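Here's the structure, in structure tokens; my notes come after.
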Amino acid sequence: MNADGIVALVTAAGIELTDRRRNAEGDGWSLSFANGATVEVGDDGSARIAGKGSKAVRGLLDLPPAPRRV
Amino acid sequence: MKRSHGLALFSSTLVLFAASAASAFAAQPGDPPDGITKIETVVVIFAENRAFDNLYGHFPGAEGIDKASQESLQQRDRDGSVLSELPPVWDGLTAKGVTPPVTQAMTEHLPNAPFTVNDAKGFNVPLSVTTHDLWHRYYQNQMQINGGKNDMFVAWADSGAMPMSNWDASKTDMWAVAQKYVLADHFFMGGFGGSFFNHQWLICACAPYYADADKSPAKPSISVTDDNGTALKIADNSPKSARDGIPKFVSDGNLTPDFHAVNTMQPPYQPSGTDPAPGGDPLLADPAKPTTLPPQTEPTIGDMLSLKHITWAWYSGAWQYTLDHGNKSPVPNFQYHHQPFNYYANYAPGTEARREHLRDGGLGGVSFIQAIDDGALPQVSFYKPQGNLNEHSGYADIEAGDRHIADVVAHLEKSPQWPHMLVVVTYDENGGIWDHVPPPKGDRWGPGTRVPAIIVSPFAKHGYVDQSPYDTTSILRFITERFELPVLHGIVVRDRAVAAHGEPPLGDLTAGLDLK
């Protein structure tokens with residue numbers, strides 16, 4: 001999954017993209033959405049979701065739930 | 001600080017003016033309309049993201065799609081040529097998870113014209129279904145309006161044909177309310193673009209500001225525009241035709257080149273999409289995050305009302321629920337950037353003003369409805385439905401929000417305060433959806449696309465279509481005149497700009513009322 005694909009899927013669900021920038025390492029994109037979710041998407045297709053709206057965004061991207069903290 | 005000083009000076013001038021007018025014992029230009037004091041309670045209900053033609057394009061007596069010229073119905077490609085057909089709705093017309101879906105393939109080869117989503121002979125998607133969201137952004141909205149021709153909505157969209165969609169809403173509850181009271185058919189959104197910006201226009205008639213943004217975490221969010229400053233600079237790798245894909249821009253950010261925030265940024269206070277800083281104050285949003293807007297200090301209509309000791313409140317659906325439990329999707333799907341006062345230092349956590357004026361509307365609006373039923377509304381109320389009830393494309397459907405708002409209106413009609421009430425039901429912005437009427441030419445911030453507005457009151461002209469030119473600031477004009485408030489700077493600038501373009505002045509909603 002690439003950054004453009006993630007942006008298209010999430011914004012189609014009414015969750016605005018609020019920030020998009022190359023990450024500090026230069027190996028991917030950092031995306032922020034209006035519901036508070038952030039997605040770190042690597043150029044290798046990896047995706048890491050965090051923030052308040054992460055559950056909704058994870059569902060839109062068909063990614064498995066985040067592992068529970070113990 | 002400079003603006004506050006200017007406001008104080010302006011207020012003093014106003015006091016002098018008021019004194020001299022009173023001594024003249026005669027109506028003066030700029031005086032409130034006769035009978036305006038019959039309105040004692042003002043309620044503003046702010047729904048989401050529908051252009052006028054999208055819902056009321058076939059309303060009897062209104063300037064709807066039926067009255068649009070053939071030229072205004074046709075969309076042009078990015079090179080200015082007329083499209084031979086509409087591009088498909090990229091990724092499909094219905095929202096993810098909707099069954100049966102209307103896929104991208106099913107939207108191929110649509111004629112270059114508006115289409116009705118719930119047309120039984122077409123897609124036949126009911127009003128209860130959530131559809132694909134569309135770009136609704138500050139610069140794109142100006143590019144789509146294209147100087148008033150409204151022929152580039154598809155060209156500068158991210159959703160292909162979707163801007164040309166509309167609905168047969170003639171069976172909705174709010175359609176019936178509009179038939180009973182007043183439908184304003186020339187009401188335009190106050191600012192270009194999206195919800196964040198238009199909520200600011202509802203309360204402040206201003207563009208928020210991010211000082212020294214070029215030295216801040218938000219620096220990469222500064223937009224790159226063309227020489228006119230009204231359109232984004234197109235990227236070299238942008239598809240040349242709307243039929244080939246979504247346009248790309250050099251930098252499509254939240255800030256103008258001179259640091260005004262025009263697209264969605266997060267409130268500096270909780271509830272905010274931005275978490276608190278690690279180890280920081282849990283009531284604040286992390287200011288180091290690039291999407292956090294610093295606290296704003298421009299005077300708002302709330303400040304003006306408080307100045308004159310007029311009671312007021314912003315009721316937000318699911319406000320307290322979200323503070324207590326966090327947000328949940330799809331219900332209530334609280335929207336952080338739909339809470340405009342939460343961006344202002346005057347309403348920061350811990351202030352008396354916040355406690356008094358930023359009120360919980362309750363889940364599904366139950367607390368707001370309780371206040372209505374009890375006759376306990378302040379003189380001015382703003383009501384923001386929670387996310388799943390606001391009619392926003394992508395995460396809400398029209399039917400649920402329409403029914404909710406009509407239910408609120410029904411409670412208002414039975415309220416002890418109803419005999420002296422004015423209710424305005426409108427939409428914050430067009431949601432990226434096409435409308436055929438050119439907006440009045442104003443200042444650099446707006447007005448933008450036409451949106452529906454319904455004026456409800458025992459003093460409303462019944463069964464009336466009000467063709468007066470209005471925008472979101474018309475609500476502020478009414479409140480300002482009714483309660484004799486100092487005029488917000490943005491309204492003065494808008495008035496001057498509209499006059500300079502030779503446009504008729506924007507009204508104060510009283511043309512829809514019979515106050516005699």
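In this text, all values refer to a predicted model and were calculated from it rather than measured experimentally. Reckoned from all heavy atoms, side chains included, excluding hydrogens, waters and symmetry mates. Naming convention: chains lettered A, B, ... in sequence-line order (proteins, then strands); numbering from 1 in each chain.
Looking at N327(B), neither its backbone nor its side chain comes within 4.5 Å of chain A, counting heavy atoms on both sides. Within the 4.5 angstrom heavy-atom criterion, only side-chain atoms of S329(B), from C-beta onward, approach chain A. Contact of Y395(B) with chain A is made through backbone and side chain together, with heavy-atom distances under 4.5 Å. In this structure, the portions of T18(A) lying under 4.5 Å from any heavy atom of chain B include both its backbone and its side chain. Of the atoms belonging to K248(B), it is side-chain heavy atoms, and not backbone ones, that fall under 4.5 Å from chain A. Neither the backbone nor the side chain of N263(B) comes within less than 4.5 Å of any heavy atom of chain A.
For a heavy-atom cut-off of 4.5 Å, chain B lies close to no residue in residues 23-31 of chain A. Within residues 35-43 of chain A, the residues having any heavy atom under 4.5 Å from a heavy atom of chain B are, by residue number, N35(A), G36(A).
K52(A) places a side-chain N or O within 3.5 Å of a backbone atom of S272(B) that can act as its donor or acceptor partner.
K328(B) NZ: more than 12 foreign heavy atoms inside a 6.0 Å radius. The environment of CZ in R48(A) is sparse: at most 12 heavy-atom neighbours from other residues, nucleotides or ligands sit within 6.0 Å. Around atom CG of D236(B), no more than 12 heavy atoms belonging to other residues, nucleotides or ligands sit under 6.0 Å away.
K289(B) NZ to S32(A) OG: the interatomic distance, rounded to the nearest 0.5 Å, is 7.5 Å. We find the CG-CZ distance between D252(B) and R20(A) to be 10.5 Å, quoted to the nearest 0.5 Å. In this structure, CD on Q335(B) lies 8.5 Å from CD on E16(A), to the nearest 0.5 angstrom. Atom-to-atom distance recorded for T291(B):OG1 and L17(A):CG is 10.5 Å, nearest 0.5 angstrom. Here T11(A) contributes atom OG1 and H132(B) contributes atom NE2; the two are 7.0 Å apart, rounded to the nearest 0.5 Å.
The candidate with the highest count of non-hydrogen atom pairs below 4.5 Å against chain B, out of A8(A), G51(A), A34(A), is A34(A). Heavy-atom pairs under 4.5 Å with chain A were tallied for G253(B), G326(B), P290(B); the largest tally goes to P290(B).
Between K96(B) and the options D62(A), L61(A), V10(A), a side chain to side chain contact (heavy atoms under 4.5 Å, CB included) holds for only D62(A).
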